[in-house]
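In what follows, a structure is listed as structure tokens, so that the remarks can point back to it.
Here is the naming used below: chain letters follow the sequence lines, and residue numbers restart at 1 for every chain. Only heavy atoms go into these numbers, but all of them, side chains included; no hydrogens, no water, no symmetry mates.
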Number of protein chains: 2
Amino acid sequence: MPNIKQIAEAAGVSVSTVSRVLNNHPYVREDKRKAVEAAIERLQYSRNMNAVHLVKGATQTIGVILPQINNAYFGKVVEGIGQQALQVNYQLMLFQTGYRANEERKALRMLRDKIVDGLIIISRSLSLNQIEKYAKYGPITLCEEVRGRALSCVYFDHYTSFQKALTYLWDKGHRRIGYTINRRNSASSAVRHKAYLNTLASLGGESREAWIFDNCLHLEDGAKLLQHIRTMDDPPSALLITGDQVAAGLMIAAQNQGVRIPEELAIIGLDNQPISKLLGITTIDNRLNEIGAKAFSIIYRHIHEQTDEAIIQELGFKIIERSSV
Amino acid sequence: MPNIKQIAEAAGVSVSTVSRVLNNHPYVREDKRKAVEAAIERLQYSRNMNAVHLVKGATQTIGVILPQINNAYFGKVVEGIGQQALQVNYQLMLFQTGYRANEERKALRMLRDKIVDGLIIISRSLSLNQIEKYAKYGPITLCEEVRGRALSCVYFDHYTSFQKALTYLWDKGHRRIGYTINRRNSASSAVRHKAYLNTLASLGGESREAWIFDNCLHLEDGAKLLQHIRTMDDPPSALLITGDQVAAGLMIAAQNQGVRIPEELAIIGLDNQPISKLLGITTIDNRLNEIGAKAFSIIYRHIHEQTDEAIIQELGFKIIERSSV
DNA sequence: CTGTTAGCGCCTTCAC
DNA sequence: GTGAAGGCGCTAACAG
């Protein structure tokens, strides 16, 4: 494969001239430009972008850290990132970490090693301290609330959304309210737990450890959850389920087993996935697509405006009433 | 940020020695190695991988062309690719094309421009002729049957699976059998259509244009489909649905509207997604994860064994009987 | 075992 | 407008 030098020779100009037409610089005489373009066409030239990346010190690529690609929640966020990236001709490099610290670290190193110009972390297991160490190598944006650090973020308010949802259930007459999460020790879990305790306390209601269920991420987890709840002596009458996949799994299992929703168990989901609409599940729209889009925009601003200070952005949410409560 | 030269100075050795320890070459005296490592640590050195990519002519990255990330079908395949890539420390670059020819072309150019070492095409709209032009720049593997070209592929047999599924429905007593697809003019659609016509002909059954439904890809499409079928004068009694998402959407809509499956309408899905299990949908397991994994392995072989000739690999499938037929 | 040196392919001052 | 030349950071002969 020819390089820029050979094109220069073929076109009878210097490499700088070739470079100029390659980069659409002005000040190139029309006939030379034509000659270069002809040579490029004739020799089937294509730029080796690695050389460009080296000399420019940037790759127009941003990395995305996520536990798994094949998941409705992460999928929606990545989609948002991708749509935005497309607009400005950036590429996406996906790091499927499975929440393994080691894989997350590998991705962080990609930033340090200049393989990506920035990093979006959709979900993580590494500590913020660990992550912050890499902030000096390039912009990092998390999809969760982070303050007082060299890290930007977009998020929606877990606390208030929980509060609103719990109150909603309370107003509908529920007095035994529980909730589900995925990982016990995630950032959002702590916030949610606090919201749960505080809200119920202020409503004068009861909160119980036994009404909190973890490891709920996939459809199947919802089905298992229902199974479990049916064996409980004093089951919750309503559940705040953090993820429509799980809510859907529970809903379908309930239909299969003749458990009436909401009469026997009321549920409210999260993420506003298509399936919740089909199943009539009341849910919270947390604008996942926009979270992804915003995350990208923030990275982009960091790169192009040299703004070093963290950008913090909160996105709103909305309860979508359907018939599962 | 320091470069290799500065590390060399700091450690009192030459750049080659630094390069050697960086790349775990043998033949480096222990004390020098230590000195280099110390300097790296002290100066917080990290390699600029773009330089490595340039000099090596490879990036350890492979590109994946897919219409959209947020989709159960593509998600499963990408997951498979990713798992395999992880094993050998390759990165994945995702190109979300939305079936736009222009976006697909952009991705192809990434191969030409050496940004990726190979390309996996999960689904496409560009012609094979167009794609084959880029094969000279690096290995390309499609997730569909392709023969007689400079393109490798992994696929499962649409024809036989259709045949088997149709026969299955026939044996269950169905005589008015239809099917769904996504895009009319996709590669698989032609094959499926032929399988449909041939199989029913050989069974002595009837095939009808009106029993073929297109634009079926998402959950919602399944719901719409049911709607549509209910307005038909002479609806099919059984449907071969190419995608469990669509099948699930139809199933849920049916439950909502009190349409009995399989009594009033039998369905058989495809992809063996988790949701089909929960809903009791009979489906075809086409091993999407493995398709992804194999696709990566093929690319990897091309890269490391210099095998230029196309690798063609067929994966089996299996009907999973549940209760929707 | 180790250092010197010539690239990898491109961009970008700087003079003309 | 245009070309010469230095440099981006690293690897891999080659010579010792």
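Under 4.0 Å is where a charged nitrogen must lie from a carboxylate oxygen, and between A:Lys76 and A:Glu79 no such pair does. Salt-bridge annotation for B:Glu290 and B:Lys294: absent, with no side-chain N of the basic residue lying under 4.0 Å from a carboxylate O of the acidic one. Look at A:Glu30 and A:Lys32 and you find no salt bridge, because none of the NZ, NE, NH1 or NH2 atoms lies under 4.0 Å from a carboxylate O.
In this structure, the ring pair (Phe, Tyr, Trp, His ring centres under 6.0 Å) partners of B:Phe156, at least two apart in sequence or on a different chain, are B:His158. Listed by chain and residue number, nothing satisfies the side-chain hydrogen bond (donor to acceptor under 3.5 Å, both in side chains) test with A:Asp308 (two or more places apart in sequence, or in another chain). Looking at residues two or more places apart in sequence or on another chain, you find no side-chain hydrogen bond (donor to acceptor under 3.5 Å, both in side chains) involving A:Lys114. For A:Ser297, the side-chain hydrogen bond (donor to acceptor under 3.5 Å, both in side chains) criterion is met by no residue, not counting sequence neighbours. For A:His218, there are no ring pair (Phe, Tyr, Trp, His ring centres under 6.0 Å) partners two or more places apart in sequence or in a different chain. Take A:Glu9 and apply the side-chain hydrogen bond (donor to acceptor under 3.5 Å, both in side chains) test, not counting sequence neighbours, and it matches no residue. Applying the ring pair (Phe, Tyr, Trp, His ring centres under 6.0 Å) test to A:Tyr45 and every residue at least two apart in sequence or in another chain returns nothing.
Using a 4.0 Å cutoff on non-hydrogen atoms, the parts of residues 50-61 of chain B near DNA chain C are B:Leu54, B:Val55, ordered by number. Against DNA chain C, the stretch residues 2-10 of chain B makes no heavy-atom approach under 4.0 Å.
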Discussion item. side-chain contact (heavy atoms from CB on, under 4.5 Å) for B:Asn71 and B:Leu217? Distances and angles first, verdict last.
Written reply: CA-CA 9 Å; B:Asn71 171 291; B:Leu217 180 59; 3.9 Å; yes

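The span of DNA chain D lying next to chain A, judged by atoms under 4.0 Å from heavy atoms, is bounded 5' to 3' by D:dG1 to D:dG9.
Between the CG atom of A:Asn24 and the P atom of C:dC11 there is a distance of 11 Å, rounded to whole Å.
Over its full length, the helix from C:dC1-D:dG16 to C:dC16-D:dG1 turns its helical axis through 40°, comparing axes from the five pairs at each end and rounding to 10°.
Within the 3.5 Å criterion, the main-chain N or O of B:Thr59 finds a donor-acceptor partner in the side chain of B:Asp117.
A cation-pi contact, defined as under 6.0 Å to the ring centre and within 45° of the axis, links A:Arg183 to A:Tyr99.
Side-chain atoms of B:Arg33 and B:Asn24 include no donor-acceptor pair closer than 3.5 Å.
When the options B:Glu104, B:Gln130, B:Glu144 are evaluated for a side-chain hydrogen bond (donor to acceptor under 3.5 Å, both in side chains) with B:Arg124, the one that passes is B:Glu144.
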Protein-nucleic acid N or O pairs under 3.5 Å, nucleotides 1-5 of chain C:
{"residue": "C:dT2", "atom": "OP2", "partner": "B:Arg29", "partner atom": "N", "Å": "2.7"}
{"residue": "C:dG3", "atom": "OP1", "partner": "B:Lys32", "partner atom": "NZ", "Å": "3.3"}
{"residue": "C:dG3", "atom": "OP2", "partner": "B:Ser14", "partner atom": "N", "Å": "3.1"}
{"residue": "C:dG3", "atom": "OP2", "partner": "B:Ser14", "partner atom": "OG", "Å": "3.3"}
{"residue": "C:dG3", "atom": "OP2", "partner": "B:Thr17", "partner atom": "OG1", "Å": "2.8"}
{"residue": "C:dG3", "atom": "N7", "partner": "B:Ser16", "partner atom": "OG", "Å": "3.3"}
{"residue": "C:dG3", "atom": "O6", "partner": "B:Arg20", "partner atom": "NH2", "Å": "2.6"}
{"residue": "C:dT4", "atom": "O4", "partner": "B:Ser16", "partner atom": "OG", "Å": "2.9"}

